[in-house]
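Just so it is clear: chains get the letters A, B, ... in the order the sequence lines come, proteins before strands, and each one is counted from 1. Atom set for the values below is all heavy atoms of this structure, side chains included, hydrogens, waters and symmetry mates excluded. Just so it is clear, the model here is predicted, and its values are computed rather than measured.
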Protein chains: 2
Amino acid sequence: MSLNFCFIGAGNLATHLSKAFQNKGFNILQIYSRTEKSAKELADVLSVKYTTSVNEIDENADVYFVAIKDSAVSEVLSQIKFNNKLVVHCSGSLPLSAIEDFSENTGVFYPLQTFSKKREVDFDEIPVFIESNSSKNQEALLQIANSISKSVSEINSDKRMLLHISAVFACNFVNHFYTIAAEILKSKDIPFDVLKPLILETALKVQEIKPEKAQTGPAVRFDENIISAHLQALNDFDEYRQLYMSVSKSIFEHYKK
Amino acid sequence: MSLNFCFIGAGNLATHLSKAFQNKGFNILQIYSRTEKSAKELADVLSVKYTTSVNEIDENADVYFVAIKDSAVSEVLSQIKFNNKLVVHCSGSLPLSAIEDFSENTGVFYPLQTFSKKREVDFDEIPVFIESNSSKNQEALLQIANSISKSVSEINSDKRMLLHISAVFACNFVNHFYTIAAEILKSKDIPFDVLKPLILETALKVQEIKPEKAQTGPAVRFDENIISAHLQALNDFDEYRQLYMSVSKSIFEHYKK
């Protein structure tokens, strides 16, 4: 008999995860979101019910997946009757203990990926990290996770936090640097397109070579001429000049060793 | 009749560029490098001559490609007799004027890519930016560039410098953040492999979506709970905590607008 899931949250992660579960035959009962637009949008995609009221959350789910902003978790979950069903949050940085007051059966299901509504992702290839409060729940979560990903690991809350931080560097901060690069190019009317092969090759390289060995550029060559020319050329971008200095210094320190 | 090239320099860029030229039927006459090991290694790959002495650089080349550290260019070129042949440097940040004392025919050939000796790259797909001191030389360089790349643009020294800076952000700094992520993971015995799908997806995303629209993570959500938890968890990594703060602040400022 297939399991019934409810989703608390209808953002990027909830969207991709609920679709992946539905594709694997799990039954999505209902979507809850405070924001009607998001709730309806995702419910429509899945052809399921939705609600914007915590009191109307379906009590018949086997598992409740919580995919909302960390800071909202406590407040939202405290208003929901879970009847000790399995409640699973999907956050990298929230400890399992953050939800233990809301059910006797709790877990974490953390997929390590960046999700945007417009891009399809292959859940099979996404590393999923799970944790739970009992071996029974761990077994249940493991089965669920294995059914949608080829790479499932058990990890505790402390380690998961560091994993999340590493993802912030390798994805969020990286993407911000793409944005800065785009802005610098725009100031000279150069299209962002010219950077695309470089960005892709930089990411492809570390699929094979350790990033430490893949480093190139003026900072790792200690090329002070270039660095000072760049700092001068960044005159109109004070904030980015500061970042340029901090990151160059960090590269410098790293390879000096 | 095919053109004869000499390479001044035998590093990553010289290696990939000379191979690409040879594959397209250009004749590599000779490799010069101060370092015998590098000179010999590249000369062997190409089955051509090499020298470590500036006095023995072949005077019969049509074009001299200079692919050495910016800070060494003046010193090295001042010792070479070019007989006013076309001298072309390959640097992003060196102005064309930096080599005009060494020949009456000068140019720049700047391929926007990260080169590591161990990785093959498809030169066809690499954007190449050229500049030169006369329309005759520009025409010659354009023909040479078009023969190995599908994407050739003419660009002046000022713009090329900003282009190089944007590449430092989008590649060198990005790769350093991969290195930081790897180090953070290592502290908890988590293999770097788990980040590979995320790194790749982050780079693939901006091939289609503007990086500004692709941004995810705690900083863009203004999720102060997560950010302060991360800063605390980075206790053992003082340097990376500073970077975490600076980049988060920059994201914050960017999306506040």
Undergrad: Are any of the side-chain heavy atoms of B:Y178 and A:V174 separated by less than 4.5 Å?
TA: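 Result yes, sub-4.5 Å side-chain heavy-atom pair found.
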
Undergrad: Can you tell me how far CD1 of A:I226 sits from OG of B:S91, rounded to the nearest 0.5 angstrom?
TA: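 Those atoms lie 5.0 Å apart.
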
Undergrad: Is A:L94 close to chain B through its backbone or its side chain, or both, or neither, when contacts mean heavy atoms under 4.5 Å?
TA: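 Neither; nothing under 4.5 Å.
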
Undergrad: What option among A:D189, A:V168, A:I126 has the most heavy-atom pairs under 4.5 Å with chain B?
TA: A:V168

Undergrad: State, with a plain yes or no, whether a side-chain heavy atom of B:F237 is found less than 4.5 Å away from one of A:I165.
TA: no

Undergrad: Which heavy atom of A:N175 sits nearest a heavy atom of B:P211, and at what distance?
TA: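 Residues A:N175 and B:P211, closest heavy atoms: ND2-O, 2.8 Å.
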
Undergrad: Looking just at side-chain N and O atoms, do B:E239 and A:S250 make a donor-acceptor pair shorter than 3.5 Å?
TA: yes

Undergrad: Side chain from CB out, backbone as N, CA, C, O: work out which of these in B:S153 comes under 4.5 Å of a heavy atom of chain A, or both, or neither.
TA: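 Neither the backbone nor the side chain of B:S153 comes within 4.5 Å of chain A.
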
Undergrad: Enter the distance from B:L243:CG to A:L243:CG here, rounded to the nearest 0.5 Å.
TA: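 One finds 8.5 Å between CG of B:L243 and CG of A:L243.
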
Undergrad: Can you tell which of B:K210, B:E212, B:Q207 has the highest number of heavy-atom pairs within less than 4.5 Å of chain A?
TA: B:Q207

Undergrad: Could you pull out the closest heavy-atom pair between A:V194 and B:L112, with the gap in Å?
TA: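 Shortest heavy-atom contact: O-CD2, 3.3 Å.
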
Undergrad: Which answer fits A:V206, side chain, backbone, both or neither, if we ask what part of it has an atom under 4.5 Å from a heavy atom of chain B?
TA: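 Both backbone and side chain.
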
Undergrad: Which region of B:N225, side chain (C-beta onward) or backbone (N, CA, C, O), has a non-hydrogen atom less than 4.5 Å from a non-hydrogen atom of chain A, or is it both or neither?
TA: side chain

Undergrad: Side chains of A:T216 and B:T114 only: does a donor on one sit below 3.5 Å from an acceptor on the other?
TA: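 Note: A:T216 and B:T114 side chains meet the donor-acceptor criterion.
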
Undergrad: Grab the two heavy atoms, one from A:L195 and one from B:A167, that are nearest each other, plus how far apart they are.
TA: CD2-CA, 4.0 Å

Undergrad: Check this for me, if you would: do A:E208 and B:K118 make a salt bridge, where the nitrogen-to-carboxylate-oxygen distance has to be below 4.0 angstrom?
TA: no

Undergrad: Report which part of A:V220 has an atom under 4.5 Å of a heavy atom belonging to chain B: side chain, backbone, both, or neither.
TA: neither

Undergrad: Do you know which of A:Q242, A:K205, A:R221 has the most heavy-atom pairs under 4.5 Å to chain B?
TA: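 Looking at each of A:Q242, A:K205, A:R221 in turn, A:K205 comes out on top.
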
Undergrad: State whether the number of non-hydrogen atoms from other residues, nucleotides or ligands found under 6.0 Å of A:E224 atom CD is greater than 12.
TA: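 Check fails, neighbour count at 12 or below.
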
Undergrad: Would you indicate whether B:K249, at its atom NZ, is surrounded by more than 12 heavy atoms from other residues, nucleotides or ligands within a distance under 6.0 Å?
TA: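 Counting other residues, nucleotides and ligands, NZ of B:K249 stays at 12 neighbours or fewer.
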
Undergrad: Testing the basics here: between A:N172 and B:G217, what is the closest heavy-atom pair and its distance to 0.1 Å?
TA: OD1-CA, 3.3 Å

Undergrad: Heavy-atom pairs under 4.5 Å with chain B - which of A:S151, A:C171, A:S93 has more of them than the others?
TA: A:C171

Undergrad: Please state whether the rings of A:Y255 and B:H176 are parallel, tilted or perpendicular, taking 30° and 60° as the class boundaries.
TA: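 Tilted.
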
Undergrad: Are B:F173 and A:Y244 an aromatic pair by the rule of ring centers under 6.0 Å?
TA: yes

Undergrad: B:K188 versus A:L163: any side-chain heavy-atom pair under 4.5 Å?
TA: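 No, too far: nothing below the 4.5 Å cut-off.
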
Undergrad: Quick check: closest heavy atoms across A:P197 and B:Q113, and the distance to 0.1 Å?
TA: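 Here A:P197 and B:Q113 meet closest at O-NE2, 3.4 Å.
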
Undergrad: Identify which of A:S187, A:G92, A:A214, A:A219 forms the greatest number of heavy-atom pairs closer than 4.5 Å to chain B.
TA: A:A214

Undergrad: Side chains of A:H254 and B:T179: any donor to acceptor distance under 3.5 Å?
TA: no

Undergrad: Is B:I190 in contact with chain A via its backbone, its side chain, both, or neither, using a 4.5 Å heavy-atom distance?
TA: side chain

Undergrad: Got a second to check how far A:S166's OG is from B:K186's NZ, nearest 0.5 Å?
TA: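 Between atom OG of A:S166 and atom NZ of B:K186 there are 14.5 Å.
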
